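Atoms within each ligand, like the ligands themselves, are counted from 1 in listed order. Being a predicted model, the structure only gives us computed values, none of them experimental.
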Amino acid sequence: MSFPASVRLVEAGPRDGLQNEPQPIPTATKLELIERLAGAGHRHIEAASFVSPKWVPQMADHREVMQALMQEGQARPQVTYSALTPNLKGLGAALECGVKEVAVFGAASESFSQKNINCSIAESLTRFAPVVERAQAAGVRVRGYVSCVLGCPYEGEIDPEQVASVSRALYEMGCYEVSLGDTIGTGTPLKASRLIEVVSRDIPIEHLAAHFHDTYGQALANLMAALDQGVAVIDSSVAGLGGCPYAKGASGNVATEDVVYLLNGLGIDCGVDLERIAAVGDWISRSISRPNRSRTGVALSSR
Ligand SMILES: CC(C)(COP(=O)([O-])OP(=O)([O-])OC[C@H]1O[C@@H](n2cnc3c(N)ncnc32)[C@H](O)[C@@H]1OP(=O)([O-])[O-])[C@@H](O)C(=O)NCCC(=O)NCCSC(=O)C[C@@](C)(O)CC(=O)[O-]
């Protein structure tokens with residue numbers, strides 16, 4: 001196997017991780033989490049989501065979070081704080097807060113697209129185009145997500161060619177990076193490897209990211225396959241926080257602590273300190289009274 005020399009981690013805990021938590025989490029707790037993540041070495045933190053509060057109530061304080069960070073951002077200029085923006089309304093609000101990076105999110109499954117953003121795949125791409133255009137005109141970078149790349153909660157198997165087609169559309173639209181989401185964590189390494197092989201025919205590998213949920217305990221194995229294909233950007237959530245509101249039973253992203261432990265073992269630099277990120281995972285799990293789903297985090301904090 002061959003691996004990249006370094007990996008960029010995108011910490012999705014404050015957004016993907018918290019969006020599905022049933023009890024309201026105070027804005028101050030979210031901000032403290034983000035600050036601690038930056039303190040552990042993260043340089044890219046997905047901090048909020050400018051979606052409808054009726055659809056995802058936990059992200060309703062997106063303005064407060066981003067406004068506070070943009071002030072704070074002056075103190076941490078090296079950190080990118082990004083936010084999801086599904087449409088022009090979301091982008092407008094994000095721009096008012098001074099956000100420097102946003103993300104649009106589509107799916108490789110028609111059913112998931114309908115459940116998640118209330119439109120077809122084709123409609124979503126039509127909706128994203130002016131979002132990307134307006135963001136770029138404002139000097140804001142846009143990331144693209146594709147959900148259900150290794151399986152859909154409503155349709156089951158998804159053809160890699162379909163993932164490639166949506167990914168290509170986002171990339172050609174102007175997304176600087178396309179993050180491949182195994183939303184329900186059903187992928188296995190050979191499938192992950194094949195998927196990346198197909199998608200990277202159209203998109204240079206350095207513009208692809210792996211966003212794997214750990215529902216079936218396969219995320220680290222799938223990441224090994226992705227690393228071996230040359231993927232050098234990994235999305236993860238501290239303490240394995242998360243789950244998708246529109247994918248019942250799906251657990252969180254692969255835990256950041258577990259990824260950092262893996263990368264350290266492979267001699268791959270990622271800039272995040274293992275002991276510090278484990279402490280953040282322990283702290284947020286206690287703060288929101290939920291089990292820590294990082295095996296590495298639990299092992300380190302119980303020593
Ligand atoms: C996309 C919409 C907004 C369409 O929702 P819609 O109902 O079709 O939109 P609409 O344009 O008809 O508007 C309906 C209402 O929503 C409001 N609205 C409309 N847009 C916004 C906005 N941006 N911010 C705030 N409010 C908004 C709008 O103002 C209106 O309010 P009303 O007049 O009824 O009071 C909706 O479906 C939505 O918010 N969905 C959220 C889905 C979501 O956040 N899912 C989780 C994130 S994706 C994910 O987790 C997967 C990922 C990325 O991690 C990768 C992976 O793991 O697979």
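Proximity of atom 44 (O) of ligand 1 to the protein is indicated by at least one non-hydrogen atom lying closer than 4.0 angstrom. For atom 40 (N) of ligand 1, the nearest protein heavy atom lies closer than 4.0 Å. Under the 4.0 Å distance rule, the nearest protein heavy atom to atom 11 (O) of ligand 1 falls outside the cut-off. There is no protein heavy atom closer than 4.0 angstrom to atom 14 (C) of ligand 1. For atom 30 (C) of ligand 1, no protein heavy-atom neighbour is present inside the 4.0 Å cut-off. For atom 48 (S) of ligand 1, the protein comes within 4.0 Å by at least one heavy atom. For atom 36 (C) of ligand 1, a protein heavy-atom neighbour is present inside the 4.0 Å cut-off. Atom 33 (O) of ligand 1 is never approached by the protein to below 4.0 angstrom, counting heavy atoms only.
In this structure, K115 satisfies the cation-pi test against Y154, with its NZ or CZ atom closer than 6.0 Å to the six-membered ring centre and inside 45 degrees of the ring normal.
Judged purely by distance below 3.5 Å, without hydrogens or angles, the side chains of N253 and S237 pair a donor atom with an acceptor atom. Using modelled atom types, one finds a donor on one side chain and an acceptor on the other under 3.5 Å when comparing S193 with Q229. A donor and an acceptor atom, one from each side chain of S251 and D214, are nowhere located under 3.5 Å apart. Looking at E64 and T27, their side chains never bring a donor and an acceptor atom within 3.5 Å of each other.
Taking every non-hydrogen atom of R15 and a distance limit under 4.0 Å, the qualifying atoms of ligand 1 come out as 47 (C), 49 (C), 50 (O), 52 (C), 53 (C), 54 (O). Near N116, meaning under 4.0 Å from one of its heavy atoms, ligand 1 places the atoms 37 (O), 40 (N), 41 (C), 42 (C), 43 (C), 45 (N), 46 (C), 48 (S). Taking every heavy atom of N118 and a limit of under 4.0 angstrom, the matching atoms of ligand 1 come to 6 (P), 7 (O), 8 (O). Shown in contact with G90 at under 4.0 Å from a heavy atom are these atoms of ligand 1, numbered in order with element: 23 (N). Atoms of ligand 1 found under 4.0 Å from any heavy atom of H211, numbered from 1 in the order shown, are 54 (O), 55 (C), 56 (C), 57 (O). Distances below 4.0 Å separate heavy atoms of D16 from the following atoms of ligand 1: 50 (O), 54 (O). Ligand-side atoms of ligand 1 in range of N87: 3 (C), 19 (C), 20 (N), 21 (C), 22 (C), 23 (N), range being under 4.0 angstrom from any heavy atom. Those atoms of ligand 1 that come under 4.0 Å of a heavy atom in P86, given as number and element, are 1 (C).
Proximity of V233 to R143: side-chain heavy atoms (C-beta onward) are separated by under 4.5 Å at one or more points. Using a 4.5 Å heavy-atom threshold, the side chains of I288 and L241 count as touching. For the pair P14 and I45, the minimum side-chain heavy-atom distance is below 4.5 Å. Residues R36 and W283 meet the side-chain proximity criterion, which asks for heavy atoms closer than 4.5 Å. Side-chain contact check for V199 versus V178: every heavy-atom pair is 4.5 Å or farther apart.
For H211, the ring-ring contact (aromatic ring centres under 6.0 Å, His included) partners at least two apart in sequence or on another chain are Y145, H213.
In terms of protein heavy-atom proximity, atom 51 (C) of ligand 1 is nearest to S147 OG, 3.5 Å. Of the protein's heavy atoms, K89 CD, 3.5 Å lies nearest to atom 21 (C) of ligand 1. What sits closest to atom 22 (C) of ligand 1 on the protein, heavy atoms only, is F50 O, 3.6 Å.
In this structure, L190 places its CG atom where only 12 or fewer heavy-atom neighbours from other residues, nucleotides or ligands lie under 6.0 Å away.
Not a single N or O atom of Y145, backbone or side chain, sits closer than 3.5 Å to an N or O atom of ligand 1. Any N or O atom pair closer than 3.5 Å counts here, and L84 shares no such pair with ligand 1. For the pair S52 and ligand 1, the shortest N or O to N or O distance falls below 3.5 Å. Considering backbone and side-chain atoms alike, T183 places an N or O below 3.5 Å from some N or O of ligand 1.
H207 and Y176 have their aromatic ring centers separated by at least 6.0 angstrom.
A chain of hydrophobic side-chain contacts below 4.5 Å, direct or via other Ile, Leu, Val, Met, Phe, Trp or Tyr residues, connects F105 to V56.
A heavy-atom separation below 4.0 Å is found between K54 and ligand 1. For the pair M59 and ligand 1, no heavy-atom separation below 4.0 Å is found.
Residue contacts with ligand 1 for V56 involve side-chain atoms from C-beta outward but no N, CA, C or O (heavy atoms, distance under 4.0 Å).
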